[in-house]
J.: 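Attaching a single structure in structure tokens format; questions to follow.
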Amino acid sequence: MTERANLYATLGDFVVYRNLEPADERLRGLPEIWPEIGLSSCRIPRKLEPDYATTVVHFLGQAQALRLPNHPLKRLLYIGDTVMNDGTAIANLGQHKPILGVICTERPGEAKKVNVNQGVMTANRWGALRDFVPFVTEEGFPLDEEMAAIIDLDKTAMGARGRNDGAIDAARVEAVRRTMAEVLGSQFDMKGFRTIYDELNQPPYHPFTADNQDYLAYICLMVGGGVYDYETLLADLAAGRLSIFAQFVEICAEHLQDRISSELLPVHQEVYANFRRGDPTPFKSFRYREYEETVARMDSLPAETDPSKLLAEEIVITREVVDLARFLQERGVLLFGLSDKPDEASIPRAELVGEGYAPIHRTRMKVVGEAIYEELSALT
Ligand SMILES: [Mg+2]
């Protein structure tokens, strides 16, 4: 039988999305704590930054104090999917507390491989999470109430990288497509959109797009709507006449000045105003659609759906991750979930709440993957 659950069942509301305001209202978020943890402003740090680790460690301390006031945390574990992003976060967290991490990506075409480097285990199987527990024990980390396990949500606890992450990306691409189709109407050209999006979504363009999907969605829209010609854009980027997103927005603002009847004007004004305020998620209307497209891919297909179709089209909870989490929790380990997704793409806006929509971690999904809980329990 296909099991269904939400991540709330494992993590409760000990979850933060990109804005670093914990879902559990008893925990004070970044806007309240930044002065006391030594940050210079309430600007939201990204996962790669040391300030991100400082903030997360403070949340962990607050969460621990709620359950055990006189037992500060002594050790951390980290479960993630990306060597670069999660690896850096682990190193930064290690400046605060001793930490061990595991980073998995499913690569079914390869023989199983598990490596350990400087306290971080990397593996090409999610099933290798079963090997993490003996590793932690051998490293002399007791699994107890003085330990917290940080669990990455995106492409780790759900949408496992290498196995189910395509469904997460598909939700985002569909949100960009819908945004463009709704704004441009009959002018919208699907093939042209994919060409622009797929080209500019690549790492060589990251200095220009800042790897920010809000920026990318806006660029696709302005190019698709003819505000900035595509060939000119590529030529301007190649020649260095255009290098950062801020320049692009200003040029579009200029071009749109004499097109006040343009259907692009409202979204341009939305992005332009938010961008100038320094909001890292300036394209709210796109992110609201991303939320809708993401939850539309949760537990949407019949239970008897072929597993490969399910993993391609639905976003599911990673069984290996929740099995490991449950095993750790039963030994007293505090669990805390981190997501890098913008809050606008993770939490329903007010008018949807009444229709039964919930934050991503409270939304029901199928649970798919290898069951490792029994095996872990037999270890001890
Ligand atoms: Mg991730």
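Remember, it's 1-based here, ligands and their atoms both numbered in the order they're listed.
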J.: Within 45° of the six-membered ring axis of Y288 and under 6.0 Å from that ring's centre, is NZ or CZ of R349 located there?
T.: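 Cation-pi check for R349 and Y288: passes.
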
J.: Give the atom name of whichever N/O/S atom in D152 sits closest to the Mg ion (ligand 1).
T.: OD2

J.: Could you grab the angle centred on the Mg ion (ligand 1), going from OD1 in D81 to O in D154, to 10°?
T.: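 Angle OD1(D81)-the Mg ion (ligand 1)-O(D154): 90°, rounded to 10°.
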
J.: What residue among E182, E344, E174 forms side chain to side chain donor-acceptor pair (under 3.5 Å) with R289?
T.: E182

J.: From D86, does some N, O or S atom reach closer than 2.8 Å to the Mg ion (ligand 1)?
T.: no

J.: Measure from NZ or CZ of R277 to the centre of the six-membered ring of F275 and say whether it is under 6.0 Å with the direction within 45° of the ring axis.
T.: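 Because its charged atom misses either the 6.0 Å distance or the 45° angle limit, R277 does not stack over F275.
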
J.: Using the ring of each side chain (for Trp, its six-membered ring), is Y17 parallel, tilted or perpendicular to H361, with breaks at 30° and 60°?
T.: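 Geometry flag for H361 against Y17: tilted rings.
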
